[in-house]
Structure formats: structure tokens, C-alpha cells
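Below: the structure, in C-alpha cells.
As the structure lists them, so they are numbered: ligands from 1, and atoms in each ligand from 1.
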Amino acid sequence: MTDVRPDDQAHNPFDKLALLIDGAWTRGTSGKEEPVINPATGQMLGMLPHASAADIEAAVQAAQRGFLVWSRVPAMERRRVLLEAARLLRERTPWLAQVLTLEEGKTLDESRAELASAIDVFEWYAEETRRLYGRLVPSRQAGVVQAVAQEPIGIAAAFTPWNFPALTPARKIAGAIAAGCSCVIKASEETPATCMALATACMDAGLPPGVLNVVFGVPSEVSQALLEHPLVRKVSFTGSIAVGKHLSMQAAVHGMKRCTMELGGHAPVIVFEDADVDRAADICAAGRFRNAGQVCVAPSRFYVQRSAYGRFVDRFGQAADRLVLGDGLEKTTTMGPLASERRMSVMKSFVEDALAHGARVVSGGSAMPREGFFWRPTVLADVPDEARAMREETFGPIAPIAPFDTMEEVLERANALPFGLAAFVFTRSGHKAAQVSSGLAAGMVGVNHLGISIAEAPFGGVKESGIGSEGGVEGLQAYLVTKFVSSMQT
Ligand code: NAD
């Protein structure tokens with residue numbers, strides 16, 4: 001195996017894209033590779049090797065050896081490794097933010113913020129290792145001790161998408177490591193270098209070989225190999241609903257593996273006329289166009305009470321007009337490109353469909369004619385519920401807005417879709433806020449702000465948006481199984 005170390009900050013990490021198997025970086029044995037593209041330029045950054053079936057088997061076998069070692073390591077040592085990895089990531093952030101921007105496209109400020117959140121996740125899980133309590137259950141009989149223990153589940157197979165190349169892998173890697181599990185992660189082939197840098201920080205922090213393995217390849221082939229493997233006990237996936245359903249079925253068929261599914265949403269935003277409408281529009285525009293709209297919990301369909309509607313639409317359009325599109329590495333840029341070329345045609349089809357349904361363009365609505373994959377921040381008004389932009393996650397910089405009249409009506413419209421990840425409400429009335437937050441079918445609700453993604457709180461959806469949570473105590477539970485032991489003293 002070639003020793004390629006992507007943490008060598010003097011060199012371009014895209015020259016050294018590799019798999020991590022049993023503690024060593026390798027180009028693998030498949031002979032296959034694919035280009036990694038800078039979405040701001042369309043230019044190739046480097047060639048990413050694919051794992052062969054033998055490489056995946058080697059990764060799982062390494063993870064099994066890693067599990068046998070790591071599951072016996074005391075919680076305080078697991079804590080130390082996670083905290084040291086966090087420290088190294090903080091130290092490497094200036095370099096790593098550039099790597100993240102190069103492969104994903106988001107602005108440098110957004111990359112730094114994402115890395116700060118990823119580090120926060122490492123630190124949160126590190127501290128939670130101290131609190132992996134079991135419990136004693138009062139016995140029914142003298143001389144019997146009844147204990148409930150929490151044990152690491154085993155090897156976790158993790159799959160992460162391209163929109164948050166640091167935060168999403170961090171949630172899975174840190175959760176698994178904190179619990180005493182080992183992990184084989186297939187990060188996105190479109191944004192591999194950031195996940196490699198996370199893994200390097202873990203290794204440099206003293207994580208034993210085999211506890212964390214990183215592979216890339218054709219997603220469906222890698223996931224099939226990992227899900228069919230009898231040694232893999234846990235599946236954690238972040239991505240689209242269609243793929244999540246497919247993996248859940250495979251996980252059930254091949255050994256009833258436990259699943260955490262973090263899938264898409266289409267977050268409704270309800271703005272009442274008593275809200276601070278200008279502030280709501282500014283917050284919503286910032287949230288909608290963050291990371292060029294490629295955020296699963298972004299506010300993404302907007303219902304505004306009729307008397308406040310015109311004001312909200314105008315203000316939202318002005319906020320969109322102020323955004324400066326460009327390469328995320330440039331200081332003046334406030335919105336980067338879409339992460340891949342295929343997302344451009346998806347945006348076009350959403351806009352065309354909305355216009356065909358009678359919507360009007362308030363801002364943007366088209367691609368930007370320059371190199372790279374730039375779609376203008378788009379605000380659409382008078383979008384009927386039947387338009388695709390109101391029914392399907394656009395996962396891009398498109399904000400469809402429509403008026404509503406009553407709370408009852410808007411709750412019905414907000415809950416009409418099969419998803420339920422995030423939802424938001426803006427109002428000055430505590431009564432309305434309470435009624436709407438309890439009436440919304442969503443895993444997370446933000447009232448008068450968007451701050452719902454933090455390390456110490458559960459992050460997850462209901463309905464087709466997923467199963468389970470990441471973050472919070474729930475995130476660690478996802479990598480544990482309980483064991484009841486009843487002992488009679490003889
Ligand atoms: P996609 O469905 O092709 O891929 C989504 C992610 O799943 C990618 O990272 C991909 O590598 C992975 N993937 C695909 N097939 C897989 C398989 N069989 N096994 C394991 N992993 C697999 O979609 P896309 O074009 O990359 O993104 C479009 C849609 O995906 C968006 O509209 C959005 O709904 C969803 N998405 C959601 C999130 C999220 O955070 N929940 C992130 C990225 C994409």
C-alpha cells in the first residue's frame with residue numbers, strides 16, 4: 001500500500017486522494033478512479049480511486065479487528081482521542097476550509113462555519129462518553145442483581161453526501177468512535193478530501209488502525225457490499241429519500257441491521273402577519289441561500305399571511321439581489337456554485353414548472369453564464385401548491401412563496417407532504433407559536449429563528465424524512481445496544 005498522507009499541508013491533497021484501510025492510505029486494487037471537480041470552475045482537482053470488492057472486504061475485516069480493540073478501550077481514553085482530533089481539526093481549519101471550498105463550492109466563511117460545527121460535534125461526543133451510563137433494576141428476589149448495560153453495536157457502515165463534507169461525516173465518525181464502535185465510511189465521491197482530513201486527524205490523535213476506514217466507489221456497489229456483510233451491524237445514511245428507503249430494505253434483509261436514516265425534507269416556513277416581517281424575510285433569505293440552497297434543513301417553501309405577503313416577497317427578492325455569486329475562495333463572494341453540474345438542469349426544471357403553473361419570478365430564475373455551476377438565487381412568488389417547487393425538495397437556491405389566510409389552512413398545507421424534517425414559524429404571538437409548533441409534523445421546529453442544528457440536540461426527521469437522530473444523547477444511543485444481565489449470587 002502506498003503511504004499517501006493527505007494531511008501534508010504543504011501539498012495539494014487532491015494529488016493524494018486515497019482510501020483508508022487498516023490505518024494505511026492506499027489507492028486500492030480496483031484500478032478504477034473518477035475525477036473530483038471544482039464546481040466553481042468545472043476543472044478537475046484530482047483523481048479519486050475506487051475500492052475493489054477485495055478492498056471493501058479488507059476494510060470490514062480491519063474494522064472487525066478494530067472493533068475488538070476499541071470496544072475495550074475505556075471511555076476516558078475514547079474521550080481523549082476525540083478531543084485531540086478536535087484540537088487538530090481546529091489547528092488545521094485555515095487549510096481545511098480551502099479544501100472544503102475547492103471540492104464543494106461553498107464560501108470560505110461557510111466552510112469555516114461548517115468545520116467549527118464539525119469540531120463541536122467531536123467535542124460533544126467526547127464529553128458524552130463520560131455519561132454512557134447503564135442502570136440497576138431493583139430485583140424481585142434477594143440475592144439477584146439486575147443490570148442494564150449499554151454496549152457498542154459493532155461495525156457501523158456510514159454513507160455521507162456532498163453538501164456538508166465535514167459536518168455529516170463528523171456526526172457519524174464521532175458518534176461511532178465515542179460509543180466504542182468501529183466504522184467504514186463511504187463519504188461522497190464528489191467531496192472526498194474533507195472526510196480524508198477528518199480521518200487523518202483521528203489517526204493523528206491516536207485512533208488505533210482499523211477503527212476508522214474510508215472507502216470510495218460506485219455508491220450502490222459499495223453500499224451493497226457493506227450492507228450484505230454479516231459483520232456490519234449498523235447503517236447510518238444521509239442523503240435522498242429514495243436511496244434511504246433502498247438501504248433500509250437491504251439492512252432489514254441482510255441481518256436486520258439497525259438504521260439511522262437522515263433523509264431529505266422540504267421545510268415549510270409559516271410567517272404570520274404579526275411577525276417582524278422584514279426580519280423574517282432577511283433570516284429566511286439567508287437560510288434559503290446558504291450553501292447555495294443545498295441544505296436539507298433549509299427553509300424551503302414559504303407561506304406568508306396575506307396582509308404581510310407583498311412586503312415579505314419584496315424584501316426576500318431584495319436580499320436575493322444583494323447576493324454576490326462567485327468562486328467561494330474569493331472574499332467578495334456571498335453565494336457559491338451548485339456542487340455539481342447535474343443540479344443545474346434540476347433547478348431549470350423546477351423554475352419552468354413553477355412558471356407553467358402561473359408563478360412569477362421576483363429575482364434570478366436562470367443560470368449564470370460563466371464557468372462552473374452557478375444558478376442565480378431565485379425567488380418565485382404566487383407559487384401554487386401543485387407546482388413541483390412546493391411539493392418536492394429543490395435542494396438549491398430556489399424560494400417558492402405563496403399566501404395563506406388561516407392557521408388551520410396553512411397547517412394542513414404545510415403537513416400535506418410525505419416529509420417531515422424541519423419546519424419554521426415566525427410570529428410575535430406565543431400562543432400561535434405553541435399551536436403551530438405542536439401542529440407541525442416535523443422532527444425539528446424553529447420559532448422566529450433557524451437555529452436547529454446543534455451538537456447537543458437531536459437532529460432527525462419524521463415520516464419519510466428518516467429514522468432516528470444524530471446529535472444529542474439520541475445520537476450516541478444510535479451506536480449502542482442494551483443488554484440486560486440478571487445475576488443470582490450463589
Ligand atoms: P443521489 O440520490 O444520487 O445521491 C445522494 C447521496 O446518496 C450522494 O451522496 C450519493 O453518493 C449517495 N448515494 C446514492 N446512491 C447510493 C447508494 N445506492 N448507496 C449509498 N449511497 C448512495 O442524489 P444527488 O443528485 O447527489 O442529490 C440530490 C438529492 O439528494 C437532493 O435533491 C436531496 O434530496 C438529496 N440529498 C439530501 C441530503 C441530506 O442532507 N439529507 C444531502 C445530499 C443530497
Side-chain angles (χ1 to χ4, degrees), residues 34 36-37 39 48 50-51 56 103-106 114 117 157-172 184-192 194-195 215-228 232 235-251 254 257 259-267 290-298 300-301 338-347 349-350 373 375 388-389 391-398 417-422 443-444 452-453 459-461 464-471:
E34 70 177 282
V36 176
I37 304 294
L48 177 71
H50 281 192
I56 292 170
E103 63 183 8
E104 202 276 346
K106 63 183 65 176
E114 182 186 339
S117 298
F159 305 92
T160 55
W162 39 264
N163 56 334
F164 284 94
L167 180 57
T168 315
R171 284 191 175 126
K172 299 184 196 304
V184 181
I185 184 167
K186 189 204 80 60
S188 169
E189 286 70 24
E190 287 162 324
T191 54
T194 307
C195 184
V215 294
F216 301 101
V218 176
S220 57
E221 292 172 11
V222 177
S223 61
Q224 184 168 349
L226 288 173
L227 269 80
E228 283 180 358
V232 171
V235 181
S236 182
F237 171 76
T238 299
S240 59
I241 291 173
V243 175
K245 286 181 178 174
H246 177 66
L247 297 190
S248 301
M249 282 194 287
Q250 282 186 314
H254 301 289
K257 297 173 179 19
C259 289
T260 298
M261 292 286 154
E262 209 64 76
L263 309 177
H266 194 2
R290 179 167 78 104
N291 197 19
Q294 302 162 117
V295 181
C296 57
V297 289
S300 56
R301 51 190 169 112
L338 299 179
S340 62
E341 191 164 19
R342 69 177 175 284
R343 303 297 305 157
M344 297 289 281
S345 56
V346 177
M347 296 308 119
S349 70
F350 273 117
F373 318 132
W375 190 266
R388 278 183 55 221
R391 288 187 286 114
E392 296 170 32
E393 185 178 36
T394 57
F395 220 69
I398 297 180
L417 302 186
F419 329 113
L421 192 59
M444 296 164 276
I452 52 164
S453 174
F459 181 100
E464 293 200 356
S465 290
I467 302 172
S469 300
E470 299 192 285

Check: Less than 3.5 Å between some nitrogen or oxygen of S188 and one of ligand 1, yes or no?
Finding: no
Check: Would one find an N or O of H246, backbone or side chain, under 3.5 Å from an N or O of ligand 1?
Finding: no
Next item on the list: Identify the heavy atoms of P161 and S188 that sit nearest to each other, and give their distance.
Entry: C-CB, 3.5 Å
Notebook entry, point to check: For E341, does the CD atom have more than 12 heavy-atom neighbours from other residues, nucleotides or ligands under 6.0 Å away?
Noted result: no
Checklist line | Enumerated ligand 1 atoms positioned under 4.0 Å from heavy atoms of E393 | finding: 33 (C), 34 (O)
Margin query: One residue to check: T160. Relative to ligand 1, which of side chain, backbone, both or neither has a non-hydrogen atom less than 4.0 Å away?
Written below: backbone
Checklist line | Centroid-centroid distance, F395 to W375, less than 6.0 Å | finding: no
Notebook entry, point to check: Within a strict 4.5 Å, meaning less than it, do heavy atoms of the F159 and V243 side chains meet?
Noted result: no
Notebook entry, point to check: Which residues satisfy the ring pair (Phe, Tyr, Trp, His ring centres under 6.0 Å) test with F350, sequence neighbours excluded?
Noted result: none
Next item on the list: May I ask you to check if ligand 1 and E190 share an N or O to N or O distance below 3.5 Å?
Entry: no
Check: Is the shortest distance from a Lys or Arg side-chain nitrogen in R171 or E262 to a carboxylate oxygen in the other one below 4.0 Å?
Finding: no
Item checked: For I37, side-chain contact (heavy atoms from CB on, under 4.5 Å) partners two or more places apart -> P35, M44, F373
Check: What residue and atom, counting heavy atoms only, is the protein's closest point to atom 43 (C) of ligand 1, and at what distance?
Finding: P161 CB, 3.4 Å
Note to self: At less than 4.0 angstrom from any non-hydrogen atom of L263, what atoms of ligand 1 do you find?
What the structure shows: 41 (N)
Note to self: Heavy-atom count check: over 12 atoms from other residues, nucleotides or ligands less than 6.0 Å from R290 CZ?
What the structure shows: no
Note to self: Give me the residue, atom name and distance of the protein heavy atom closest to atom 18 (N) of ligand 1.
What the structure shows: S220 CA, 3.3 Å
Notebook entry, point to check: Relative to atom 27 (O) of ligand 1, which among F419, W162, F395 owns the nearest non-hydrogen atom?
Noted result: W162
Notebook entry, point to check: Quick one: nearest non-hydrogen protein atom to atom 24 (P) of ligand 1, plus distance?
Noted result: R342 NH2, 3.6 Å
Check: Which of the atoms of ligand 1 are close to T238, meaning less than 4.0 Å from one of its heavy atoms?
Finding: 39 (C), 40 (O), 41 (N)
Note to self: With a 4.5 Å cut-off on side-chain heavy atoms, are S223 and K186 touching?
What the structure shows: no
Checklist line | Identity and distance of the protein heavy atom lying nearest atom 28 (C) of ligand 1 | finding: R343 NH1, 3.3 Å
Margin query: Suppose we measure from atom 13 (N) of ligand 1 to each protein heavy atom; which comes out shortest, and what is that distance?
Written below: P219 CB, 3.8 Å
Notebook entry, point to check: What protein heavy atom sits nearest atom 12 (C) of ligand 1, and how far away is it?
Noted result: F237 CE1, 4.2 Å
Notebook entry, point to check: In the protein, which heavy atom is nearest to atom 4 (O) of ligand 1, and how far is it?
Noted result: S240 OG, 4.5 Å
Notebook entry, point to check: Which ligand 1 atoms are under 4.0 Å away from a heavy-atom of S223?
Noted result: 17 (C), 18 (N), 19 (N), 20 (C)
Checklist line | Cationic tip of K106 above F164 ring, under 6.0 Å, 45° of axis | finding: yes
Margin query: For a quick test of reading the model, state the closest non-hydrogen atom pair linking C259 to S248 and the distance between them.
Written below: SG-CA, 4.2 Å
Next item on the list: Look at atom 14 (C) of ligand 1 and say which protein heavy atom is nearest, naming residue and atom and giving the distance to 0.1 Å.
Entry: V243 CG2, 3.7 Å
Next item on the list: Start with the C-alpha distance between E470 and K172, add both sets of side-chain angles, then the distance that settles side-chain contact (heavy atoms from CB on, under 4.5 Å), and finish with yes or no.
Entry: CA-CA 8 Å; E470 299 192 285; K172 299 184 196 304; 3.1 Å; yes
Margin query: Closer than 4.0 Å to some heavy atom of E262 - which atoms of ligand 1 meet that?
Written below: 41 (N)
Margin query: Tell me whether Q224 reaches ligand 1 (any heavy atom closer than 4.0 angstrom to a ligand atom).
Written below: no
Next item on the list: Would you verify that at least one protein heavy atom lies under 4.0 Å from atom 40 (O) of ligand 1, or report that none does?
Entry: yes
